[in-house]
Amino acid sequence: MSSTPSDASPLFALADGNNFYVSCERVFEPKVRDVPVVVLSNNDGCIVSRSNEAKKLGIPMGAPFYRWRPLIVSKGVRVFSSNYPLYGEMSLRMMDTLFSLTPHMEVYSIDEAFLDVPVGPAEAEGWAEGVRRRVLRDVGIPLSLGVASTKTLCKVAGRSAKRDSRGVRILIGQEEIRSALEATGVEELWGIGRQLSKFLIGQGILNGEKLRECDDRWVRAHLGLAGLRTVMELRGIPCVQGEEAPMEGRSVSTSRSFADPLPDPSALREAVACFVATAASKLRENGAMASGLHLFLTTSPFRGDYRSQTAFCSLARPSSYTPTLIGAAWRLLESLNPENLSQVKKAGIILTDLVEESKTPPRLFGMNAALERERGLMEAVDRIQKRWGGQAIQTAAEGRSREWLTRQSRRSPRYTTDWNELPLVKAKG
DNA sequence: TCTGGGGTCCTAGGACCC
DNA sequence: TCTGGGGTCCTAGGACCC
């Protein structure tokens, strides 16, 4: 029995929003549609999204902004701070539209989803072009679609779709797969990162086709289980599972780098409280509770003596109640010694060992009444914040000054999530 | 001067037990 | 006095992803 699946295997499509953050900005600001554009990470630190024109100027993904600023200024590149409320909302719209076009899909990231292709190989191209047209019309985001029998091959197809004027690439026939893999360097494959590609290139394994031919045992020994999965997927055997599973056992975190040194220890306490409040609200949104909490403080990793401190605690019982979690985080903070870090550059919390709220065991005696009060309070807070914005109500622990707030000097308006920042339609003239 | 944030999964090694 | 080996669980850290 051959390990090569027939051309009739079920097909996946990877739908990927092109230069997603830049595309979101362009939906609401037509002036930047044909000029080079970049979007920066939090704190205006790194370049995390680039228009095609910006890519042509040689600006790399993830590059520190300050280092490229001279070129950006001289070439007139438009720069945006990141506007996550906008991107999150545009992502929801895109996913809703995609979901109406497939019987099943898995959201993989803010700008990517794997769709089950509901038609056979012969009609796949027409279907994919239809999906692309529909999202462009209804949401305004241009997509690339790569269609193949495994997710890893979809990624390969998706890369070549980005270079195709129709934005679609179907990768099905064995000959086509072979030549596509020959044209794909190992370092470009999904699942092969910097370390593994360095190793593989050292071994003379330069492209996807060469990797696909490697011996299974050798791959297992040198690239680990994940590497073996990648190789199987290149051969057309689906191995990468989607995670349908809800929050159980996962984690939620919030962290920030600080633009400037924190003015005093109370600012750090407030920042930590804010991180907890954000993560706890994400928890409740997903009907989950956390059983563990990590706190970490680090200095800048780009200075000489990088140092970090971490602390962990298990909670007496799973919780998503913001005050309880802030209390736990503050106790951890007291157990650390921030003075030992010359300067805290970044801090964050991670809520771990999540359990579904509905599966937590009932408490004894009067405890359930207390639990009900906590739940009612959090529901009210969540409703108010949803309606009136996150600033409308908060715990006192978070403080009002936000002195640690990150820098965002070039943020576009929150067109889709704030009544005061809706786009205005003006009559011409 | 200025370098993001949020995840998942795997592995190696130590502790502990029988 | 000599002194094995296998299993499990936990954790930290690394590698990967967008």
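Quick note on labels: first sequence line is chain A, next is B, and so on, each numbered from 1.
No contact: Ser82(A) has no heavy atom under 4.0 Å from any strand. Within 4.0 Å (heavy atoms only), Asn42(A) reaches sugar-phosphate atoms of the nucleic acid but no base atom. Across all strands, Lys155(A) comes closer than 4.0 Å only to sugar-phosphate atoms, never to a base (heavy-atom distances). Within 4.0 Å of Lys151(A), counting heavy atoms only, lies no atom of the nucleic acid at all. As judged by a 4.0 angstrom heavy-atom cut-off over every strand, Ile350(A) is placed among residues making no nucleic acid contact. Within 4.0 Å (heavy atoms only), Thr254(A) reaches sugar-phosphate atoms of the nucleic acid but no base atom.
One N or O donor and one acceptor, one from the side chain of Arg67(A) and one from the base of dT3(B), sit under 3.5 Å apart.
Protein atom CZ of Arg194(A) is 8 Å distant from nucleotide atom P of dC16(C), rounded to whole Å. Rounded to a whole Å, the CZ atom of Phe296(A) is 11 Å from the P atom of dG7(B). Regarding Arg159(A), its CZ atom lies at a distance of 15 Å from the C1' atom of dC18(C), rounded to whole Å. In this entry the distance linking CD1 of Ile349(A) with P of dG7(B) reads 9 Å, nearest Å.
Minimum atom distance to the side chain of Cys46(A) is reached by dT3(B), of the listed dT3(B), dT11(B), dG6(B). In this structure, the nucleotide among dC2(B), dT8(B), dT11(B) sitting nearest to the side chain of Tyr66(A) is dC2(B).
Phosphate contact (OP1/OP2 of dG5(B), side-chain N/O of Ser253(A), threshold under 4.0 Å): absent. For Lys346(A) and dT3(B), the shortest distance from a side-chain N or O to OP1 or OP2 is not below 4.0 Å. Checking the phosphate oxygens (OP1, OP2) of dC2(B), a side-chain nitrogen or oxygen of Arg303(A) falls inside 4.0 Å. OP1 or OP2 of dC10(B) lies within a sub-4.0 Å distance of a side-chain N or O belonging to Arg229(A).
Spacing between dC18(C) and dC2(B) at atom C1', rounded to whole Å, works out to 24 Å.
Base pairing of dC10(C): its partner is dG13(B), meeting the Watson-Crick or G-U wobble criterion (both donor-acceptor distances under 3.5 Å).
Nearest heavy atom pair, residue Ala113(A) against residue Val107(A), reads CB-CA, 4.2 Å.
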